[in-house]
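Take a look at the structure set out below.
One-based numbering along the sequence shown.
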Amino acid sequence: MKLFRHLRILIQCFFVMGFLLGCSQTNKPIETTEFIKYEDKSNNFAISYPKGWSFDSKQKDVSVVFNSPKENDQDAITESISVKAIILPFEATAPWENYKDGIIEMIKKGSPGIEVQNTTKLKINEYEAMQILLKGKYNNEDLAFQMTYVIKGKMGYIINFTSLYDDLEKYASTIEKVTNSFEILE
């Protein structure tokens, strides 16, 4: 249960960060071909982000956040990708299915009105992962939160992509490339 309490706090932080860091407002497909590798040696992970995006590793609630550039002057909310690394109170060895319902319950309690769109098991490099797609509102805008969870031993990582819900497909290729670039440093 301590793991779920830590994850609840972490999930709530991601929603706040997602709301603050925002999303774009056009539907033209984005095909990113150049990426820059970011390494966080203190949290033992590396991830690549699109060239032209800014990054901030000084945020209080996440290890790093990457923000897309504004597409125009009306682009009040830009896309963001954040990574949060946490030390778990014990080694997580159970299959993802054992954690999924508890994580979803915490998300719903921490963010009333949030809707789970789907959950997916996947593999990132050699690590089992779980992805949860959520839909929520902020300033009357529908937002998408694609949260990917990776655990190795006592370390947990959450990769969160936030955008306007209708822009999710526009960034699908970029999100997939960034998520699949994630690696745990030994």
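- Using a 4.0 Å cut-off between a side-chain N of Lys or Arg and a carboxylate O of Asp or Glu, Lys137 and Glu115 do not qualify as a salt bridge.
- More than 12 heavy-atom neighbours from other residues, nucleotides or ligands sit within 6.0 angstrom of CD on Gln117.
- The two residues Thr93 and Tyr99 make their nearest non-hydrogen contact at N-OH, 3.6 Å.
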* Asked: Ile107 and Ile132: side chain to side chain contact (heavy atoms under 4.5 Å, CB included), yes or no, with the steps?
  -> CA-CA 10 Å; Ile107 290 170; Ile132 301 175; 4.2 Å; yes
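- No side-chain donor from either of Ser54 and Asp56 sits under 3.5 Å from a side-chain acceptor of the other.
- The one candidate from Asn67, Ile158, Asn160 that meets the side-chain contact (heavy atoms from CB on, under 4.5 Å) condition with Ser82 is Asn160.
- In this structure, Phe182 has its ring center under 6.0 Å from that of Tyr157.
- Smallest separation of non-hydrogen atoms from Ala92 and Ile151: CB-CG2, 3.5 Å.
- Using a 4.0 Å cut-off between a side-chain N of Lys or Arg and a carboxylate O of Asp or Glu, Lys123 and Glu128 qualify as a salt bridge.
- No side-chain N or O of Glu183 forms a donor-acceptor pair with one of Tyr127 less than 3.5 Å apart.
- In this structure, Ile86 and Met155 have side chains that are not in contact, with every pair of non-hydrogen atoms separated by 4.5 Å or more.
- Checking side-chain atoms of Asn98 against main-chain N and O of Ala94 turns up no donor-acceptor pair under 3.5 Å.
- In this structure, a donor-acceptor pair under 3.5 Å is present between the side chains of Gln131 and Thr148.
- Nearest approach of Ile47 to Ser181, heavy atoms of both residues: CG1-OG, 3.5 Å.
- Inter-residue side-chain proximity for Asn43 and Val83 is flagged as unmet; no heavy-atom pair is nearer than 4.5 Å.
- Comment: Glu126 does not engage Lys152 in a salt bridge, judged by the lack of any side-chain N to carboxylate O separation of less than 4.0 angstrom.
- Ring pair Tyr38/Phe66 is perpendicular by interplanar angle, where above 60° counts as perpendicular and below 30° as parallel.
- Under the side-chain contact (heavy atoms from CB on, under 4.5 Å) test applied with Glu176, the options Thr179, Thr174, Asn180 reduce to a single match, Asn180.
- For the pair Ser68 (side chain) and Glu79 (backbone), a donor-acceptor distance under 3.5 Å is present.
- In terms of heavy atoms, Tyr138 sits closest to Leu143 at CB-CD1, 3.6 Å.
- Between Lys109 and Glu105, at least one side-chain N (NZ, or NE/NH1/NH2) sits under 4.0 Å from a carboxylate O, which counts as a salt bridge.
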